[in-house]
Amino acid sequence: MSAESVFPQLEALLPHVQKPIQYVGGELNSTVKKWDECDVRWALMYPDAYEVGLPNQGVMILYEVLNEREGVLAERTYSVWPDLEELMREHDVPQFTVDSHRPVSAFDVFGLSFSTELGYTNMLTALDLAGIPLEAARRTEDHPVVVAGGHAAFNPEPIADFIDCAVIGDGEQAVLEITEIVRGWKAEGRPGGREELLLRLARTGGVYVPGFYDVEYLPDGRIGRVVPNRSGVPWRVSKHTVMDLDEWPYPKQPLVPLAETVHERMSVEIFRGCTRGCRFCQAGMITRPVRERSITGIGEMVEKGLKATGFEEVGLLSLSSADHTEIGDIAKGLADRYEEDKIGLSLPSTRVDAFNIDLANELTRNGRRSGLTFAPEGGSERIRKVINKMVSEEDLIRTVATAYGNGWRQVKLYFMCGLPTETDEDVLQIGDMAVNVIAKGREVSRSNDIRCTVSIGGFVPKPHTPFQWAPQLSVEETDARLEKLRDKIRGDKKYGRSIGFRYHDGKPGIVEGLLSRGDRRVGAVIRAVYEDGGRFDGWREHFSYERWMRCAEKTLPDFGVDVDWYTTRERTYEEVLPWDHLDSGLDKDWLWEDWQDALDETEVEDCRWTPCFDCGVCPQMDTSIQIGPTGKKLLPLTVVGGGGN
Amino acid sequence: MRRPPLCGGALDRTTRAGDSRCGPHCARADDLAGPTQGDVTLGKRQPEGPPPAPAVQRIRLRYTKRGRLRFTSHRDFQRAFERALRRAEVPMAYSAGFTPHPKVSYANAAPTGTGSEAEYLEIQLAERRDPEQLRTLLNTSLPDGLDVTDAVEATTSGLADRLQASVWELRLDGVEHAAAEHAVAAFLAAETVEVQRRTKNGLRSFDARGAVVGLEALPGQADRPGNGGCAILRLVVRHVTPAVRPDDVLSGLRATADLAPPVPAAVTRLAQGLLDEESDTVTDPLAPDREAVQAAPPTAPE
């Protein structure tokens with residue numbers, strides 16, 4: 001397979017497409033290594049548009065980790081928009097990397113990071129444009145090994161036919177292990193061909209090769225069992241966990257694009273994992289245990305990253321950023337350090353209870369105070385117990401009152417609709433909550449110029465969570481409930497005009513639900529949708545519910561199942577779930593107990609502050625919680641220059 | 001329509017199906033406090049502390065958009081330039097308010113996709129710097145292709161007014177020199193050449209001939225064999241409203257003489273400045289500043 005750059009052919013197409021800059025590469029801090037001096041070559045893809053994919057931390061980290069190794073190179077590729085896809089097909093230009101515009105098919109490994117299942121059709125587009133057979137079974141030694149990672153890979157069964165393998169969990173060490181195996185196999189002259197390479201990967205116990213497992217079905221359509229069909233291949237595949245975040249300070253040199261992207265900031269992951277135990281949250285379940293980066297490690301990454309990028313904003317990322325044991329010192333330390341430099345700080349994903357207005361004020365010392373966002377998730381106290389989101393309305397109102405008193409003028413509240421056991425009443429209480437927020441805001445600020453936005457979407461049950469057995473609410477019921485809430489909010493004469501209402505209909509949620517909890521048979525639907533023109537399913541203007549349903553009706557009846565079977569059907573304790581052989585560390589019995597607790601409206605504490613409640617992750621994965629406080633402080637850096645005017 | 005983003009979204013904070021981090025509602029990773037959006041006027045707060053330091057020096061820069069970075073849009077360039085200023089630790093003067101912006105004025109940017117050897121901007125500094133040292137420093141911070149080629153201290157006003165006309169080079173691969181010459185002659189012979197361009201407000205018709213001061217066809221060296229010929233057009237065009245761009249002149253050549261290059265033209269702006277009507281060329285717009293500095297060097301910093 002030729003590894004020649006296709007840039008000359010591509011360049012002629014660029015004047016005819018939207019935002020051509022996204023295809024030319026050359027980002028600050030990007031790396032182009034010499035092709036011939038490397039023996040293992042990765043093409044990394046975030047299967048969405050460049051503007052979404054470039055800032056993705058996962059890809060950026062792996063890109064740097066791999067390129068730092070001698071003899072290894074990694075280049076990036078993203079989904080091309082339909083305008084360019086059409087021209088590429090017309091002019092025979094293959095899927096290319098943006099770094100040196102080499103054809104993706106020339107690489108040894110093609111790694112895709114799936115944050116969401118809605119990228120599956122984009123993977124098929126990329127494979128096809130690359131000239132790589134869509135079915136793994138039809139690939140030869142000359143094709144790259146296609147590896148899936150990211151949160152969606154925790155149930156890779158719907159794409160089992162299209163990928164060669166999947167890796168679950170943290171990728172930093174896993175990509176290096178895979179690299180070594182590929183290197184060894186190539187150095188030995190590729191003994192046993194592709195089959196042997198995949199066997200070597202599978203036998204590590206940390207790489208899932210779907211082709212080495214047979215799925216047996218029961219007459220009623222459920223899975224009977226999943227059995228390895230090669231010797232030495234493990235019954236269950238383990239997730240990977242990086243234990244000391246300070247040893248992995250990536251990205252060190254974040255990519256700075258010329259094109260506009262969705263996140264334009266220097267992001268630092270301040271901890272990984274979350275043990276709050278929100279039952280709907282897949283991320284919180286599959287990334288356990290909590291591992292904090294130290295305050296000094298964070299300080300160093302911010303300093304080096306800002307120097308390397310020139311970004312004007314720092315984002316302190318995690319699943320619940322205010323939960324870092326030293327978040328107060330971190331925020332104050334960074335605010336002090338960068339006060340002169342007009343650097344903004346942001347703290348995504350904060351909880352109402354952990355939220356501390358002092359912290360928010362610190363972050364906006366001299367910035368504007370426009371909006372604060374909280375996620376109570378459920379409108380009633382009862383439903384919040386079901387989902388284990390331990391926030392009381394009094395907490396929220398108290399927090400909001402302090403915020404309005406400190407000059408904030410807008411609060412945004414996130415909710416879900418269709419949670420297990422939910423009734424109309426639970427959702428209608430969202431309206432009451434918003435009214436109470438506005439009333440309090442008017443009282444505290446003595447102004448009517450106060451806004452509250454309610455944002456709500458349909459809940460999708462996810463694998464490896466206590467809700468993996470739950471029935472998903474149908475499109476019709478979701479929409480009906482959302483309409484009732486809308487009418488209630490709009491009908492409120494006194495407060496309605498101060499409340500913004502943003503909601504999304506239930507349709508995308510059902511497709512996401514099908515892909516999230518689907519098994520190998522769903523692959524036929526994905527393929528049919530792709531062949532019917534389905535692309536960019538995460539984009540409202542490209543997504544077509546009708547197409548998905550049409551293709552599902554064409555393919556699923558052959559297996560005796562349908563979309564409802566995958567989405568609105570409740571599963572029983574005995575059922576073999578499609579992802580049971582992928583080990584996230586969570587004990588299935590514990591998940592089941594937590595599901596039963598949810599139905600009983602019983603809450604579970606956070607194990608960071610209470611004794612272990614045996615979710616299973618730490619002993620299973622031989623890991624442990626790593627949290628501070630370290631007691632260290634973030635000191636101002638030595639003064640540069642000094643004096644001045 | 002732009003789609004709602006993933007977790008931690010910044011462009012649009014609506015929710016979206018399809019992110020495994022926290023469920024379908026996610027995209028919520030909004031700034032608890034990022035100084036990025038919302039109304040500035042609502043609160044009664046004022047930024048604390050002293051107002052930003054005043055500007056003490058203005059520097060005008062000439063820069064390029066070369067090679068593949070010619071696909072950079074003007075907005076893209078602005079972000080890249082302002083980040084380069086930060087990396088280079090240039091002591092910029094900032095605007096006041098909750099979201100201070102470095103003081104940079106851009107003039108008459110070339111369209112996306114066209115290369116340029118002659119783009120101009122002006123920055124305001126809170127501390128004095130040597131223009132030449134600043135130029136070198138910025139070049140180490142800017143990506144290759146976006147290169148600062150000239151820097152002078154501004155002592156005069158009206159840089160934008162001095163950008164009266166541009167010289168463009170249009171490389172037409174696959175077009176014979178004779179065909180290009182013929183088309184140019186037909187274009188120049190016409191009194192007006194009506195062309196259309198798609199704008200935000202739909203298709204718009206205007207004259208592409210009036211603004212053209214000079215247009216000639218030169219033989220070019222073909223890039224690759226078998227491409228047919230190669231012709232190079234040298235175009236001098238006055239800056240008018242609506243702007244007449246090289247693309248419009250190409251549309252005009254198609255309209256008047258059916259000239260249709262088989263591949264997109266490679267277009268580069270060679271110069272911008274005051275129009276010298278006699279020689280049909282433009283003069284260096286930074287020359288008045290250079291002369292003023294030579295006549296009366298600014299006082300050295302304290």
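Throughout, a chain's letter reflects where its sequence line sits, starting with A, and its residues are numbered from 1.
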Is there a side-chain contact (heavy atoms from CB on, under 4.5 Å) between B:His101 and A:Lys342 once you walk through the steps?
-> CA-CA 9 Å; B:His101 287 290; A:Lys342 318 214 164 32; over 6 Å; no
Where on B:Tyr94 is there a heavy atom nearer than 4.5 Å to chain A: the side chain, the backbone, both, or neither?
-> side chain
B:Arg79, part contacting chain A, at a heavy-atom distance under 4.5 Å = side chain
Any chance you could measure A:Ile21, atom CD1, to B:Thr72, atom OG1, to the nearest 0.5 Å?
-> 3.5 Å
Of the backbone (N, CA, C, O) and the side chain (C-beta and beyond), which part of A:His464 lies under 4.5 Å from a heavy atom of chain B, both, or neither?
-> neither
So, is the end of the B:Arg68 side chain (NZ or CZ) under 6.0 Å from the ring centre of A:Phe7 and within 45° of the ring's axis?
-> yes
Determine yes or no for a side-chain-to-main-chain donor-acceptor pair under 3.5 angstrom, with B:Arg86 supplying the side chain and A:Asp341 the backbone.
-> yes
Sort A:Gln22 into side chain, backbone, both or neither according to what part of it lies under 4.5 angstrom from a heavy atom of chain B.
-> neither
Please name all residues satisfying salt bridge (Lys or Arg N to Asp or Glu O under 4.0 Å) with A:Glu11, sequence neighbours left out, ordered by chain then number.
-> B:Arg70
Find the distance between CG (A:Leu258) and CZ (B:Phe77) and round it off to the nearest 0.5 Å.
-> 10.0 Å
Determine the minimum heavy-atom distance between B:Phe71 and A:Pro15, stating which atoms define it.
-> CE2-N, 4.2 Å
Part of B:Leu146 within contact of chain A (heavy atom distance under 4.5 Å) = side chain
Chain B contact via A:His542 - which portion, at a heavy-atom distance below 4.5 Å = neither
The interface call for A:Val24 against chain B, heavy-atom contacts under 4.5 Å, is both
Counting only heavy atoms not in B:Asp144, do more than 12 fall under 6.0 Å of its CG?
-> no
Minimal non-hydrogen separation, B:Pro264 against A:Ala12, with atom names = CG-O, 3.4 Å
Chi angles and distances behind the side-chain contact (heavy atoms from CB on, under 4.5 Å) call for A:Thr309, B:Arg83 | CA-CA 7 Å; A:Thr309 60; B:Arg83 281 179 191 143; 6.0 Å; no
Evaluate side-chain contact (heavy atoms from CB on, under 4.5 Å) for B:Thr112 paired with A:Lys19, printing each intermediate quantity in order.
-> CA-CA 9 Å; B:Thr112 306; A:Lys19 299 188 200 161; over 6 Å; no
By salt bridge (Lys or Arg N to Asp or Glu O under 4.0 Å), which residues pair with B:Arg87, not counting sequence neighbours?
-> none
